[in-house]
Amino acid sequence: MATRRKSASEGPGMSNRQIMQVFETYQKARVAFVQSVADMASRPQNVEALQSAGVLALLRPLLLDSVPTVQHTAALALGRLANTNEELARSVVQSDILPQLVFSLADKNRHYKKAASFVLRTVAKHDPELAMAVVDSGALDALVACLEEFDPGVKEAACWALGYIARHTGELAQAVIDAGAVPMIILCIQEPEISLKRIAASALSDLCKHSPELAQTVVHSGAIAYLAQLIDSDDAKLKRQVFSALGHIAKHTVELAELVVEAEVFPSVLTYLKDTDEYVQKNVATLIREICKHTPELAQLVVNNGGVAALVDYSIETRGNARMPGVMALGYISAFSERLAMAVITQHAIMPLAEALKEEQQDYVRAAAAWALGQVGRHTPEHAKHVAEANVFPSLVQLSADENQSQDLRNKATKALKHVLQKCVHLPALEALIPIASPEILQHVVAQFAKVLPNDPKARKLFVTTGGLKKVQEIKADPTSQLAEYITIINNSFPPEIVKYYSPGYSETLLNRIEGYEPPVDALA
């Protein structure tokens, strides 16, 4: 009996150990599972297999696990899956995981908050619809609250998520602002951690890019001063975001551009057009473009600070999409007045613009170059002559007529030609266009001859000796057209026998007269 009692009392004790061992084994298995899934989810080639295995349904309950490591690792795995694949991001939304994450953001540890913010960011990044789903889940208030956390990693993750939400549309950016995010983001940009500064500057850029009203809200919170203090940072990634944010502020209105200028970013900003980081260079060129496009005074400020020379160097050294803001900035400066356009010419800007027109592969860059050349040359005959001497007219004619080019490029090439031709009196350049110009362009070319030749004897003589008059006689114009009128004006500038001599078929007429010619009797004697 004693022996039986002893074994009965020992029984429950052994059973407890066994039970605890089962739970411990289960916990280890959960930890191992979420860590393995998180590791596999970091490789895009594994995502499809994980999705097929129903990974979302298995991860969802683990977000509420009693073990913190399991919770935040499950969230990390979800974030990596959603980051890789838009379809999976939609599945996260459809599985009602977002409200669960948002609810847990308030009272979980810093690791979970970083992982949950990561999930919200990766879902929001794909498109406005998914970003709106994140907003509708109540995430904004929770993310803004995370910006008040002590841990910089939590602030960074939350700030990043808010920026990704705001970047899609003005409506989403307004929702982020309405949640009180801007003052907190500006506090983040003042923190010592460089990575947090980068993300905060990026978020400000995303917030103010959509509209003047949104940009004004950001500016009212003192953003410009804090951004301007960071332009001399040694960190290239931070400078990229700072210049991007300043550019997005400056682009909207004259007032906002002037506020950026008042932060004394010139002339030091120009040195970064030669930065070793190509994205810093491009964002600086974009900032300059957004400032100088507004008014002649702002364009003059850029010129006075040596901006044209810096932009010319930048446009020579860059290619492709990076060249675009430099080309456009030179065009904007030239557009305002003949004095500003001449400042662009004297800094040898026509050469890189002509090179971009002739050599770039992207249609939109060539279209920008055509537009800029039109702005440079449209003011006076002297401006037009500088453009003509760069031999861009044949390229513009060819592009305007080439059906294989984009309609935008063809339109801009045509407009640029018309602008410059209307001021051009450099006859050799005009003469070269007669055989190749379309009827629409040819009318503008011949119109310039009709303006110059009646009043310039030297030009008339040169026009004959270079074959220009002959080319004009070969033009087939509708007798009732404006082109025919211009040809008549040109012909009336010369003696009738000269015009007749260079008319098509006149040599055959002379030959025919020879055949029927009867020499005088005296000549036969």
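Owing to the predicted nature of the structure, the values given are computational and were not obtained by experimental measurement.
For H111, the ring-ring contact (aromatic ring centres under 6.0 Å, His included) criterion is met by H72, not counting sequence neighbours. Under the side-chain contact (heavy atoms from CB on, under 4.5 Å) criterion, S438 pairs with E440, I441, sequence neighbours left out. Here F463 pairs with F449 under the ring-ring contact (aromatic ring centres under 6.0 Å, His included) rule; sequence neighbours left out. Applying the ring-ring contact (aromatic ring centres under 6.0 Å, His included) rule to H383 yields the partners H379; only residues at least two apart in sequence or on another chain are considered.
When only modelled atom types and interatomic distance are considered, N283 and Q241 share no side-chain donor-acceptor pair under 3.5 Å. Between the side chains of R339 and Q300, at least one donor N or O lies within less than 3.5 Å of an accepting N or O. One side chain, S195 or E156, offers a donor N or O that lies under 3.5 Å from an acceptor on the other. Judged by distance alone, the side chains of H220 and Q216 do bring a donor and an acceptor atom under 3.5 Å apart.
Residue F494 places its CZ atom among more than 12 non-hydrogen atoms of other residues, nucleotides or ligands, all under 6.0 Å distant. The environment of E171 atom CD is sparse: at most 12 non-hydrogen atoms of other residues, nucleotides or ligands sit within 6.0 angstrom. Within 6.0 Å of atom CD in E264, 12 or fewer heavy atoms from other residues, nucleotides or ligands are found, so the atom counts as exposed in its surroundings. Residue K451 qualifies as enclosed at atom NZ: its count of foreign heavy atoms under 6.0 Å is above 12. Remark: K385 NZ is loosely packed, at most 12 non-hydrogen atoms of other residues, nucleotides or ligands lying under 6.0 Å away.
Of the possible polar contacts, one joining the E360 side chain to the G320 backbone as a donor-acceptor pair under 3.5 Å is found. When atom types are taken as modelled, the side chain of S117 and the backbone of K114 share no donor-acceptor pair closer than 3.5 angstrom. H126 places a side-chain N or O within 3.5 Å of a backbone atom of A82 that can act as its donor or acceptor partner. K197 places a side-chain N or O within donor-acceptor distance of the main-chain N or O of I189, the cut-off being under 3.5 Å. Under the 3.5 Å distance criterion, the side-chain polar atoms of H252 are left unmatched by any main-chain donor or acceptor of A257. Between the side chain of D275 and the backbone N or O of Q281, no donor-acceptor pair lies under 3.5 Å. Put simply, the side chain of S233 never gets that close to the backbone of L230: no donor and acceptor are under 3.5 Å apart. A donor-acceptor pair is defined here as one N or O able to donate and one able to accept, closer than 3.5 Å; such a pair exists between the side chain of N492 and the backbone of T488. When atom types are taken as modelled, the side chain of S395 and the backbone of K358 share no donor-acceptor pair closer than 3.5 angstrom. Side-chain atoms of N305 never come within 3.5 Å of backbone atoms of G307 as a donor-acceptor pair (strictly under, hydrogens ignored).
At a threshold of 4.0 Å, the pair E355-R323 counts as salt-bridged, since one of the basic side-chain nitrogens sits closer than that to a carboxylate oxygen. Taking a cutoff of 4.0 Å between a charged side-chain nitrogen and a carboxylate oxygen, E278 and R319 do not qualify as a salt bridge. Between K274 and E317, at least one side-chain nitrogen of the basic residue sits less than 4.0 Å from a carboxylate oxygen of the acidic one, meeting the salt-bridge criterion. Electrostatic pairing of R410 and D402 does not count as a salt bridge here, judged by no charged N lying under 4.0 Å from a carboxylate O. In summary, K412 and D408 engage in a salt bridge, as defined by a charged side-chain N under 4.0 Å from a carboxylate O.
The shortest non-hydrogen separation linking I249 to A215 is CA-CB, 4.5 Å. Summarising the geometry of H294 relative to A250, their closest heavy-atom pair is NE2-O, 2.8 Å, with the distance given to 0.1 Å. Scanning both residues, Q375 and A335, for their nearest heavy atoms gives OE1-CB, 3.3 Å. Minimum interatomic distance between V265 and S268 (heavy atoms only, all atoms of both residues): O-OG, 3.1 Å. Across V102 and G138, no two heavy atoms sit closer than the pair CG1-O, 3.5 Å. Minimum heavy-atom separation, L88 to V47: CD1-CG1, 3.1 Å.
Taking NZ from K282 and OG from S244, the interatomic distance works out to 10.0 Å, rounded to the nearest 0.5 Å. With rounding to the nearest 0.5 Å, the separation of CG in L143 from CG in L162 is 5.0 Å. Distance NZ/K251 to NZ/K293: 7.5 Å, rounded to 0.5 Å. Note that CG of L204 and CG of L214 are 12.5 Å apart. Values are rounded to the nearest 0.5 Å. Interatomic distance, I434 CD1 to L469 CG, rounded to the nearest 0.5 Å: 9.5 Å. Once rounded to the nearest 0.5 Å, the distance linking SG of C188 with CD of E148 reads 10.0 Å.
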In sequence, state the C-alpha distance, the side-chain angles, and the governing distance for R240 and D277, and then conclude on salt bridge (charged side-chain N to carboxylate O under 4.0 Å, His left out). CA-CA 9 Å; R240 290 179 196 174; D277 186 278; 2.8 Å; yes
Quick one, L298 with C292, criterion side chain to side chain contact (heavy atoms under 4.5 Å, CB included). Give me CA distance, side-chain angles, the key distance, then yes/no. CA-CA 5 Å; L298 287 170; C292 69; 5.5 Å; no
Tell me, with the steps shown, if L273 and I288 meet side chain to side chain contact (heavy atoms under 4.5 Å, CB included). CA-CA 10 Å; L273 285 172; I288 296 168; 3.8 Å; yes
Could you walk me through whether D127 and R90 satisfy the salt bridge (charged side-chain N to carboxylate O under 4.0 Å, His left out) test, starting with their C-alpha distance in whole Å, then the side-chain angles of each, then the deciding distance to 0.1 Å, before giving a yes or no? CA-CA 10 Å; D127 62 34; R90 294 194 183 281; 2.4 Å; yes
For the pair M351 and V312, evaluate side chain to side chain contact (heavy atoms under 4.5 Å, CB included) and give the outcome as yes or no after the intermediate values. CA-CA 9 Å; M351 185 272 287; V312 169; over 6 Å; no
Verdict with supporting geometry, L421 and F393, side chain to side chain contact (heavy atoms under 4.5 Å, CB included): CA-CA 9 Å; L421 287 175; F393 285 169; 4.0 Å; yes
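Both tests pass for R167 against the ring of Y164: distance under 6.0 Å to the centre and angle within 45° of the axis.
For residues 259-293, the ring-ring contact (aromatic ring centres under 6.0 Å, His included) pairs, not counting sequence neighbours, are F243-Y272. The stretch residues 303-359 participates, sequence neighbours left out, in these ring-ring contact (aromatic ring centres under 6.0 Å, His included) pairs: Y332-W371.
Of the candidates K113, R110, K155, K113 is the only one forming a side-chain hydrogen bond (donor to acceptor under 3.5 Å, both in side chains) with E149.
Counting only heavy atoms from C-beta outward, the side chains of L433 and L442 never approach each other to under 4.5 Å. Residues V420 and L373 are not in side-chain contact: their nearest non-hydrogen atoms beyond the backbone lie 4.5 Å or more apart. Contact check for V365 versus N321: no side-chain heavy atoms found under the 4.5 Å cut-off. Contact check for S334 versus L340: no side-chain heavy atoms found under the 4.5 Å cut-off. Side-chain contact between L256 and T253: present, with at least one pair of heavy atoms (C-beta onward) separated by less than 4.5 Å.
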